[in-house]
Enquirer: 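Here you go, one structure.
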Amino acid sequence: MNSIQLAQRQWFDDIVARNASLIPDSLPWLNKTRSDARHAISECILPHRKLEAWRYSDLGKLFKQRYRYDGYSTWSLKGIDIDNWIYSEAESHRLVFVNGRFIDDMSIIHELPGTIKIGSLQHMLSSEPGLVSRWLQQKAQEVTDVFTELNLALINDGVFIHVPAHEVVDRPIEIVYLNTSHAQNTLSQPHSLVILEAGARARVVERFVGADASTYFFNGVTRIWLGASANLQHYRLQNESSNAYHLGRVVLRQHTASEYSGFSIATGGVWSRTDISARFAGQHAVCNLDGLYTVGEQQYTDFHLDVVHALPHCTSRENFKGIVYGKGRAVFDGRILVEKDAQKTDAQLTNKNLLLTQNAEVDTKPQLEINADDVKCSHGTTVGKLDPNQLFYLRSRGIDEQEARKMICLGFADQALAQVSDERARDFIRQQIAGIFSQQGSYHE
């Protein structure tokens with residue numbers, strides 16, 4: 001082990017040592033989960049450039065800083081405004097987490113139909129530990145790494161959503177993870193579970209936002225289990241602080257004839273990465289993964305998709321678009337694996353990127369690994385600049401260059417936003433994108 005690896009190992013050990021005492025003693029099985037994860041950290045391969053999954057990622061600045069759970073009280077939140085809610089209080093169930101901890105005073109959960117459960121993981125561990133244990137310990141066949149084990153080693157709170165068979169959540173669920181730091185760099189590690197049993201339906205919006213220029217490390221995991229014929233619309237909107245490090249994981253398991261429609265957007269953070277792992281556990285399931293990222297001056301944004309078709313007659317669609325400007329750098333790494341028994345698979349993967357400046361950079365790597373012979377699969381990628389003909393056309397009609405560039409960028413983004421069926425969420429995202437490209441000179445050469 002070289003000096004860099006030793007320093008990285010010490011970084012993980014230090015985070016566990018600094019924060020383990022802040023996690024209250026809990027149920028025996030949960031304590032064992034934490035203990036097993038702490039042991040796994042010492043066994044995991046550490047991320048480095050020779051690993052294909054981390055080939056383009058520079059974690060040097062992350063490992064130079066120390067992070068700690070922030071235990072400040074809710075009065076410290078005065079003056080912090082989570083503006084621009086997507087839905088009004090009456091229209092949605094609202095859950096707010098600050099630095100990974102549920103804030104009851106800021107959350108609104110309306111009376112729920114049937115036996116639906118929506119709330120914080122910590123609360124559910126107290127009120128219904130058997131239900132949480134049943135789902136939290138289902139880790140079989142999941143691909144894990146050192147950051148996921150770090151999340152489990154200090155697991156304490158997160159979202160818990162359980163929708164029994166054939167129930168429908170009556171309102172969208174808007175979840176806000178607000179991250180901020182004061183005297184120290186903050187560690188935020190929510191572990192969220194979303195379970196829809198057979199025939200259940202729900203719409204979930206996860207938002208990741210930061211206060212001012214706070215420095216923190218968000219290391220979150222969202223695990224989703226869809227029963228037969230279940231349907232989930234899932235939107236993830238990342239707009240972290242300009243000094244934030246964001247690592248978000250989605251682990252998705254789908255059973256027979258279930259349908260997942262996910263849309264991810266990344267606009268914030270100095271360094272951000274989103275990993276999505278999808279597996280089919282039943283035939284005739286449909287998985288739609290769409291996304292949009294904007295990467296500006298000195299930003300780094302990374303999307304990794306890993307979709308495995310192990311059973312016949314399943315469909316997946318992955319369509320991501322990126323807009324990169326300034327000295328921003330984007331990475332897109334999407335893999336579809338079709339195993340030998342997955343006949344009649346229908347899978348398509350596309351990634352399109354727009355570079356607005358000479359110093360903007362994108363590394364894109366769509367992958368298809370096909371081991372079956374009766375499939376319909378395709379993949380492709382494009383990287384281009386602003387079309388001078390489009391720019392000339394708009395300028396010739398009296399539109400100044402700044403506005404013309406903005407219009408072209410928004411038109412490019414709208415092609416991705418067309419996949420967002422929720423009108424309120426779509427309008428919210430469009431406003432967020434428009435705000436970025438309204439900044440004078442932010443994406444000129």
Enquirer: Kindly indicate, with the supporting measurements, whether the criterion side chain to side chain donor-acceptor pair (under 3.5 Å) is fulfilled by Thr148 and Asp145.
Expert: CA-CA 5 Å; Thr148 303; Asp145 70 357; 3.0 Å; yes

Enquirer: Using a 3.5 Å distance criterion without hydrogens, assess whether the side chain of Asn219 forms a donor-acceptor pair with backbone atoms of Phe147.
Expert: yes

Enquirer: Just distance, no hydrogens or angles: give the donor-acceptor pairs under 3.5 Å from side chains in residues 41-49, sequence neighbours left out.
Expert:
| from | atom 1 | to | atom 2 | distance (Å) |
| --- | --- | --- | --- | --- |
| Ser42 | OG | His39 | O | 2.6 |
| His48 | ND1 | Lys50 | N | 3.2 |
| Arg49 | NE | Ser57 | O | 2.7 |

Enquirer: Assert yes or no for the condition that the ring centre distance of His246 to Phe208 is strictly below 6.0 Å.
Expert: yes

Enquirer: Apply side chain to side chain contact (heavy atoms under 4.5 Å, CB included) to the pair Gln358 and Lys385, showing each step before the final yes or no.
Expert: CA-CA 9 Å; Gln358 289 289 345; Lys385 297 182 178 181; 3.3 Å; yes

Enquirer: Counting C-beta onward and ignoring hydrogens, is there a side-chain heavy-atom pair between Tyr293 and Ser264 closer than 4.5 Å?
Expert: no

Enquirer: Please identify each residue that fulfils ring-ring contact (aromatic ring centres under 6.0 Å, His included) with His93, with sequence neighbours left out.
Expert: His110

Enquirer: Is it true that atom NE2 of His123 has more than 12 heavy atoms of other residues, nucleotides or ligands lying nearer than 6.0 Å?
Expert: no

Enquirer: Holding to side chain to side chain donor-acceptor pair (under 3.5 Å), I want the full list of residues that pass it with Ser192, two or more places apart in sequence or in another chain.
Expert: Tyr177

Enquirer: Using the ring-ring contact (aromatic ring centres under 6.0 Å, His included) criterion, which residues pair with His234? Sequence neighbours excluded.
Expert: Tyr260

Enquirer: Among pairs that include at least one residue of residues 185-195, which meet salt bridge (Lys or Arg N to Asp or Glu O under 4.0 Å), considering only residues two or more places apart or in two chains?
Expert: none

Enquirer: Once the angle between the rings of Phe320 and Phe332 is folded into 0 to 90°, is it parallel (under 30°), tilted (30 to 60°) or perpendicular (over 60°)?
Expert: tilted

Enquirer: Let me confirm one number: the OG-CG distance from Ser214 to Leu178, rounded to the nearest 0.5 Å.
Expert: 8.5 Å

Enquirer: Under the side-chain contact (heavy atoms from CB on, under 4.5 Å) rule, collect the residues that match up with Arg55, sequence neighbours excluded.
Expert: Glu52

Enquirer: Run the side-chain donor-acceptor check on residues 269-276: report pairs under 3.5 Å with partners two or more places apart or on a different chain.
Expert:
| from | atom 1 | to | atom 2 | distance (Å) |
| --- | --- | --- | --- | --- |
| Ser272 | OG | Gln238 | NE2 | 3.4 |
| Ser272 | OG | Thr301 | OG1 | 3.4 |
| Arg273 | NE | Asp275 | OD1 | 2.8 |
| Arg273 | NE | Asp275 | OD2 | 3.4 |
| Arg273 | NH1 | Ala53 | O | 2.8 |
| Arg273 | NH2 | Ala53 | O | 3.3 |
| Arg273 | NH2 | Asp275 | OD2 | 3.4 |
| Asp275 | OD2 | Arg249 | NE | 3.3 |

Enquirer: So Arg207 and Asn239, do their side chains get closer than 4.5 Å, heavy atoms only?
Expert: no

Enquirer: Using the test side-chain contact (heavy atoms from CB on, under 4.5 Å), find all partners of Ile23 that sit at least two apart in sequence or belong to another chain.
Expert: Arg34, Tyr69, Leu154, Asn156

Enquirer: Just grab all the salt bridge (Lys or Arg N to Asp or Glu O under 4.0 Å) pairs involving residues 314-331, residues at least two apart or on different chains.
Expert: Arg317-Asp346, Arg329-Glu361, Arg329-Asp363

Enquirer: In terms of relative ring orientation, are Phe217 and Trp11 parallel, tilted or perpendicular, with 30° and 60° separating the classes?
Expert: tilted

Enquirer: Does any part of the side chain of Gln419, heavy atoms only, come nearer than 4.5 Å to the side chain of Asn288, both counted from C-beta?
Expert: no

Enquirer: For Ser188, which residues count as a side chain to side chain donor-acceptor pair (under 3.5 Å) partner, sequence neighbours excluded?
Expert: Asn179

Enquirer: Report yes if the distance between the aromatic ring centroids of Tyr56 and Tyr300 is under 6.0 Å, otherwise no.
Expert: no

Enquirer: For Tyr216, give me all partners under ring-ring contact (aromatic ring centres under 6.0 Å, His included), at least two apart in sequence or on another chain.
Expert: none

Enquirer: Among Leu136, Val159, Val132, which residue satisfies the side-chain contact (heavy atoms from CB on, under 4.5 Å) criterion with Met124?
Expert: Val132

Enquirer: Does this structure show an ion pair linking Arg426 with Asp422, if we count only N-O contacts that are shorter than 4.0 Å?
Expert: no

Enquirer: Considering residues at least two apart in sequence or located in another chain, which fulfil the ring-ring contact (aromatic ring centres under 6.0 Å, His included) criterion with Tyr235?
Expert: none

